Visitor: 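Got a structure for you, questions after.
Since this is a predicted model, take the numbers as computed values, not measurements. Both counts, for ligands and for their atoms, begin at 1 and track the order of listing.
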Amino acid sequence: MRKSRIGVLTGGGDCAGLNPAIKWVVKTALDKRLESERGVQHEVLGIRNGWKGLMYAENASLNIQDHVMPLDEERVRTWDRYGGTMLGTSRTNPYHPKDDQSKTVLNNIEKLGLDALIVIGGDDTLGVADKLSQEGVNVVGIPKTIDNDLAETNYTLGFETALNVITEEVDRLRTTAGSHQRIFVVETMGRHTGWLALEGGESCGAYIILIPEYDFSIEKVNELLLEGRRAGARYEIVLVAEGAKPIGGTEFVRQEGVDSFGHKMLSGVADFLAKEISKGTDVETRSIILSHLQRGGAPCAYDRRMGRYFGIAAVDLIVMRDFGKMVCYRNGEITTCPLQKVIGRTHCVNLATQYDTERYNGRRNLLIHGKGETDARRFR
Ligand code: F6P
């Protein structure tokens with residue numbers, strides 16, 4: 001029987017849903033019944049710490065166990081219950097313009113005898129996978145990021161669990177906000193897209209939602225808040241995405257510099273907004289940054305199922321020898337698309353159909369404005 005060794009790695013920011021995907025890659029690849037149907041005997045090798053693992057995997061001076069982890073059904077049996085990634089992750093760019101390590105990665109893929117590589121990541125990690133694919137490596141991608149900003153897929157692992165965190169934390173804030181009659185400004189992650197703020201805000205019933213796709217007017221925010229107070233509200237929750245900015249302003253950064261893929265480290269808009277709101281409304285206002293809490297915790301049921309489906313589909317692609325693809329979820333189906341169609345494109349909130357630019361919130365007329373333009377996120 002033909003033998004095939006599959007490598008699997010997780011890269012970029014961690015999130016819930018990675019471990020379920022790894023578990024189902026392993027279970028599907030090693031399934032005995034499928035093995036005889038396929039006529040291929042698979043082996044699965046976990047690569048530790050994202051692309052970093054493949055940069056050092058064969059370095060004689062380092063312990064190989066630090067960089068790879070053989071995976072079998074017994075090892076991954078309980079993994080789908082846990083958040084984060086048991087393989088570890090890193091924001092490592094082997095194609096870094098100032099330190100190109102891609103040849104080392106290619107050599108190590110060969111030395112480790114990997115027939116195919118399953119890469120679980122967002123745009124950066126999958127961008128590296130795409131480049132390796134063009135160099136002849138058999139890669140398959142699985143989409144993950146709490147930002148849900150990848151093109152060609154309506155879902156990326158980790159998003160739904162992050163929405164649950166936002167909802168739970170805002171529920172907690174409501175009691176203290178109400179007791180003190182305060183305004184709370186809650187900052188979500190999401191980079192340059194507003195999915196976490198928008199769908200998180202819709203889930204928890206935020207009064208105002210501010211997203212990077214639509215620059216906000218601070219005067220308008222204050223007007224809306226005072227209108228709420230006049231109508232009898234005791235407190236308000238404002239949800240703001242880390243990439244949102246005031247009209248004429250720039251994005252807020254938590255520290256200068258960029259990561260190894262050239263991204264600014266965003267954060268700080270909530271503090272700015274809280275000060276502007278308390279000045280403009282005279283209402284006591286506090287800010288809170290949810291930050292990495294959104295990436296933490298056990299995967300919700302949806303992420304466990306999606307991790308399972310994506311993991312199974314990734315192995316299906318390997319069995320079919322259909323490489324250079326990402327598994328995705330579109331219009332209610334698990335399907336696939338070429339990695340090249342995904343990379344460098346950002347899936348943004350559609351202002352015409354998904355955001356109310358007057359209320360700074362989710363739309364209240366979905367069908368009328370949907371006219372012919374179906375957006376599958378509504379049917380997830
Ligand atoms: O892409 C996921 C994400 O959590 C973004 O929402 C956020 O801007 C970024 O990663 C934070 O990255 P780090 O964990 O490197 O601080």
Side-chain angles (χ1 to χ4, degrees), residues 9-19 21 49-52 83-85 87-93 96 119-129 141-151 153 155-167 169 186-201 209-213 239-245 250-272 287-297 299-300 303 306-307 326 342-349:
L9 66 82
T10 51
D14 76 322
C15 64
L18 297 171
N19 287 320
N49 308 322
W51 295 116
K52 206 187 254 180
T85 163
L87 290 178
T89 186
S90 64
R91 291 197 189 282
T92 307
N93 181 5
H96 196 290
V119 179
I120 313 177
D123 192 61
D124 298 330
T125 305
L126 294 176
V128 173
I142 294 181
K144 75 86 213 174
T145 163
I146 63 163
D147 305 340
N148 203 31
D149 61 354
L150 281 179
T153 183
Y155 194 69
T156 58
L157 296 178
F159 181 59
E160 196 71 25
T161 304
L163 293 182
N164 285 336
V165 172
I166 294 169
T167 310
E169 294 301 338
V186 182
E187 182 178 307
T188 69
M189 282 186 163
R191 285 231 161 100
H192 309 292
T193 64
W195 295 111
L196 278 173
L198 179 59
E199 295 201 18
I209 301 171
L210 302 172
I211 60 174
E213 290 85 343
L239 221 61
V240 60
E242 63 181 4
K245 56 185 192 316
T250 49
E251 286 170 337
F252 292 80
V253 290
R254 90 178 102 103
Q255 94 191 42
E256 287 308 319
V258 290
D259 68 17
S260 95
F261 287 92
H263 300 294
K264 289 187 217 161
M265 290 164 242
L266 301 174
S267 189
V269 61
D271 297 344
F272 160 82
S287 61
I288 175 162
I289 302 176
L290 292 180
S291 187
H292 293 79
L293 284 175
Q294 293 158 97
R295 300 221 304 249
C300 66
D303 273 315
M306 292 307 279
M326 179 183 85
V342 178
I343 306 309
R345 289 172 58 207
T346 308
H347 173 221
C348 294
V349 172

Visitor: Name the closest protein heavy atom to atom 7 (C) of ligand 1, giving the residue it belongs to and the distance to 0.1 Å.
Guide: E242 OE2, 3.4 Å
Visitor: Run the contact test for L266 against ligand 1 with a 4.0 Å cut-off on heavy atoms, strictly below, and give the result.
Guide: no
Visitor: Any atoms of ligand 1 less than 4.0 Å from a non-hydrogen atom of G190? List them with their elements.
Guide: 6 (O)
Visitor: Donor-acceptor pair, distance only, cut-off 3.5 Å: does the side chain of E242 make one with the backbone of E187?
Guide: no
Visitor: Look at the side chain of T153 and the backbone N and O of Y155, then say whether any donor-acceptor pair between them is shorter than 3.5 Å.
Guide: yes
Visitor: Report the nearest protein non-hydrogen atom to atom 9 (C) of ligand 1: residue, atom name, distance rounded to 0.1 Å.
Guide: R91 NH2, 3.6 Å
Visitor: Suppose we screen for side-chain contact (heavy atoms from CB on, under 4.5 Å). Which residues come up paired with H292, at least two apart in sequence or across chains?
Guide: M189, R295
Visitor: If you count the atoms of ligand 1 from 1 in the order shown, which ones are under 4.0 Å from a heavy atom of R191?
Guide: 1 (O), 5 (C), 6 (O), 8 (O), 9 (C)
Visitor: Will you find, in the side chains of D271 and S287, an N or O donor that is under 3.5 Å from an N or O acceptor?
Guide: yes
Visitor: Can a donor-acceptor pair be found between the side chains of T188 and Q294 at a distance below 3.5 Å?
Guide: no
Visitor: Please confirm whether H292 approaches ligand 1 to less than 4.0 Å, judged on its heavy atoms.
Guide: yes
Visitor: Test of understanding: with side-chain contact (heavy atoms from CB on, under 4.5 Å), list the residues that count as partners of N164, not counting sequence neighbours.
Guide: E168, C300
Visitor: Select the closest option to atom 16 (O) of ligand 1 among R254, Q294, M265, Q255, judged by heavy-atom distance.
Guide: R254
Visitor: How far is atom 4 (O) of ligand 1 from its nearest protein heavy atom, and which residue and atom name does that atom have?
Guide: R295 NH1, 2.8 Å
Visitor: Would you mind checking which non-hydrogen protein atom is closest to atom 1 (O) of ligand 1, with the distance to 0.1 Å?
Guide: D147 OD2, 2.8 Å
Visitor: Looking at every heavy atom in both T92 and S90, which two are closest together, and how far apart are they?
Guide: OG1-OG, 2.6 Å
